[in-house]
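What you are looking at is a predicted structure, and each value in this text was computed from that prediction instead of being measured. Position 1 is the first residue of the sequence, and the numbers go up from there.
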Amino acid sequence: MKKIFYICCFLLFGSHIALSAQAITLFEQFNGQYDYLAIGNTLNPAENNGSNFCALLESSTAELNLNPDNALVKAYLYWAGSGPGDASVSLNGNTVTADDSYTVTYNSPTFGDMLYFSSYADITEIINTNGNGLYEFSDLDINTVLLTDIGYCANRTNFGGWSIYIIYEDASLPLNQISLFQGLEIINRNVQNLDITLSNINVLDNNNAKIGFLAWEGDNALNFGESLSINNNIISNPPLNFADNAFNGTNTFTNSNVFYNADLDVYNIENNINIGDNSASIRLTTGGLDENGVFQADLIIINNIITVLNSRLPDATISIDSTTVFCGGDNVELDYTVFNLNSTETLPANTPIAFYVGDTLVGQSHTLNPIDIGSSETNSISLTIPEELGPNVTVVASVDDTGAMVGIVDETNEDNNLNAADIELLVIPDVIILPGLIGCNEGFGISTYNLYDALIDSDLSEENISFFQSLEDLETETNAILNIENYVNSEVPQTIYIRRESAPCYAIFQFELLFDNCPPTIPQGFSPNDDNTNDWFNIRGLYDIFIEHRLRIYNRYGTLVFEGNNNKAWYGEINRGVTGVGNIVPVGTYYYILELNDSDYRPMVGWVYVNY
């Protein structure tokens, strides 16, 4: 069902290079209290069939008379003629450059391939500026081609002309759908039938339904098998357009039959189209035997077709307004707006919305309220993108979509329900490893660290950073370490993580907390007098660190008086020798030998003074 609408517009507006035999397709649609009128003129001084002119007129004029209640919505200038074309012309002295051009080829039995062209341009600004009055078209430079390539004149297919289509709004009009189809297709003796299907129309009431045509090179004198039909019904508009001579140089808007080799006609089709129709079949024919039994055919080039039909339908469109991604996450916060602009009816509440990445449905929503004609509704949704689809994805929002590319609302245009946005997910950044911090063992593998020391020799500063004990805490920004300058490790070794804010994401660093058994600090004296101050031989950094250490104390005579270990510190008592065991040593100097039983350290020797 839903197709991307801008494909059509790209084909039509993509370049100024002429497109060959462009099929008649929907160009633009207008929904509302709209109608249209057209003006224009030929550059042929007479019908080329039976006349001997070759060069065209330098200019021609037509008058625009919009009613005061008719508000201009859009205006297009079309011009066409023989040869490869001219993409720059003038209108009331204003240079007009083609938005695009088409060409079509007729293979003449006598002169071979003969080329014809049509161009168009948006001239809304010119019409807004000039308003009603006389419009002069000029500077169509194809006379050189006509005079150089005599085949056009000899074959009597030398023509040129122009037309302006005006789409206007009027509060007195019913709600209409105007569909403008354009391209460039040909019928002739080689291709005697042309079938065109007009799609994307919606008929709710056929009252005053009408269809208009802009065609070139029709001849009044050639009416051999020439017909125009809609839905298999031949239509006519006598006395201008007869059933057997539809393209005969006429202009319905001015009731003219001297619109030489051009046709600007409108037909009432109330009885040829039915309520509920969403397409119409057009057939053009030419070719037949003349009174002498000789086959004859007119050459007719169809340029555009326009329909005006009563309509009461909404038109849901959607835009993705903004997207927000989160560092290291697979969620996307998406803001979007649903519009009901080019419509003739309110868009109902609960119109479904689907969101896709490729063929994968990643989210669903719906409109909350009825959206009036010309109004909109903004909302947001959180989408989770499957990991296998990321990190670079295109999210497509599809309005009037149940999640299976199926809609539930009849719309004026079923081909403009999509909008896409390219999104780059912010994946979890790689972790950068910093050198570890080494502390001194304070016992049982515990040490105290200043975590800021990990920033030394890096490009990190203390600003915009946080410390965490796990990656999960870092990603969720929970349980940040608070005692940064006096942090006590909880395991050996322990990994610490740093989060540095760095838009649009963050950077991750990690380092290890390690420790060494640092050299113990041995005091030079103590006083075991039970005054709770310096009562024992307190060797800092020894106990519960050098678990296997052995401490021996000797008096000045070299007699061993004490031997201790990790479970027995020296409080001045004697526990070795033959006398005095259990007593406190007298005042004096004693010598120690401290064996740490650590391969990194030799035995430590020295003296300690005991006093009371």
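- When each of F181, Y102, Y120 is checked for a ring pair (Phe, Tyr, Trp, His ring centres under 6.0 Å) with F27, only Y120 meets the rule.
- In terms of heavy-atom proximity, E411 sits nearest to A316 at OE1-N, 2.7 Å.
- A donor atom on one side chain and an acceptor atom on the other are not found under 3.5 Å apart for Q510 and T495.
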(message) Using side chain to side chain donor-acceptor pair (under 3.5 Å), reason through Q494 and S490 one step at a time and then give a plain yes or no.
(response) CA-CA 7 Å; Q494 182 177 3; S490 59; 3.3 Å; yes
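- Salt-bridge formation is detected for the pair E595/R552: a Lys NZ or Arg NE/NH1/NH2 atom is positioned less than 4.0 Å from an Asp or Glu carboxylate oxygen.
- A donor and an acceptor atom, one from each side chain of Y449 and E485, are nowhere located under 3.5 Å apart.
- Side chains of T412 and Q177: no donor on one and acceptor on the other come within 3.5 Å.
- Using a 3.5 Å distance cut-off with no hydrogens or angles, the side chains of N566 and D544 do pair a donor with an acceptor.
- In the model, N611 has no side-chain atom that pairs as donor or acceptor with a side-chain atom of S527 under 3.5 Å.
- The aromatic ring centroids of F562 and Y592 lie 6.0 Å or more from each other.
- Side-chain atoms of T559 never come within 3.5 Å of backbone atoms of N555 as a donor-acceptor pair (strictly under, hydrogens ignored).
- A donor-acceptor distance shorter than 3.5 angstrom exists from the side chain of N176 to the backbone of Y34, with no hydrogens or angles considered.
- Side-chain contact of N583 with E573: a donor-acceptor pair under 3.5 Å is absent, judged by distance alone.
- Ion pairing between R312 and E345 holds under the 4.0 Å rule for side-chain N and carboxylate O.
- Side-chain N or O atoms of N340 include one that pairs as donor or acceptor with a backbone N or O of I371 at under 3.5 Å.
- Ring-plane geometry between Y571 and W536 is classed as parallel, the angle between the planes falling under 30 degrees on a 0 to 90 degree scale with a further cut at 60.
- Side-chain N/O atoms of N417 and D400 include no donor and acceptor closer than 3.5 Å.
- The backbone N or O of T384 lies less than 3.5 Å from no partner atom in the side chain of D330, so there is not a single donor-acceptor pair.
- Of the possible donor and acceptor atoms, none in the side chain of N486 sits under 3.5 Å from a partner among the backbone N and O of T448.
- Y336 pairs with exactly one of S365, S322, S319 by the side-chain hydrogen bond (donor to acceptor under 3.5 Å, both in side chains) rule, that one being S365.
- Judged by distance alone, the side chain of N597 and the main-chain N or O of E548 form a donor-acceptor pair under 3.5 Å.
- Side-chain contact, Y601 with N517: no donor N or O sits under 3.5 Å from an acceptor N or O.
- For A454, the side chain to side chain contact (heavy atoms under 4.5 Å, CB included) criterion is met by L437, F511, not counting sequence neighbours.
- In summary, the side chains of N416 and D315 do present a donor paired with an acceptor at a separation below 3.5 Å, with no hydrogens or angles considered.
- Between the side chains of Y165 and N304, a donor-acceptor pair is found at a separation under 3.5 Å.
- In this structure, S447 OG and N441 CG are separated by 7.0 Å, a value rounded to the nearest 0.5 Å.
- For the pair N538/F526, no side-chain contact is recorded, criterion being any heavy-atom separation below 4.5 Å from C-beta on.
- Residues F326 and L426 are not in side-chain contact: their nearest non-hydrogen atoms beyond the backbone lie 4.5 Å or more apart.
- Applying the side-chain hydrogen bond (donor to acceptor under 3.5 Å, both in side chains) test between T378 and each of D335, D321, T337 identifies T337 as the sole match.
- With no hydrogens or angles considered, a side-chain donor-acceptor pair links S398 and D401 at under 3.5 Å.
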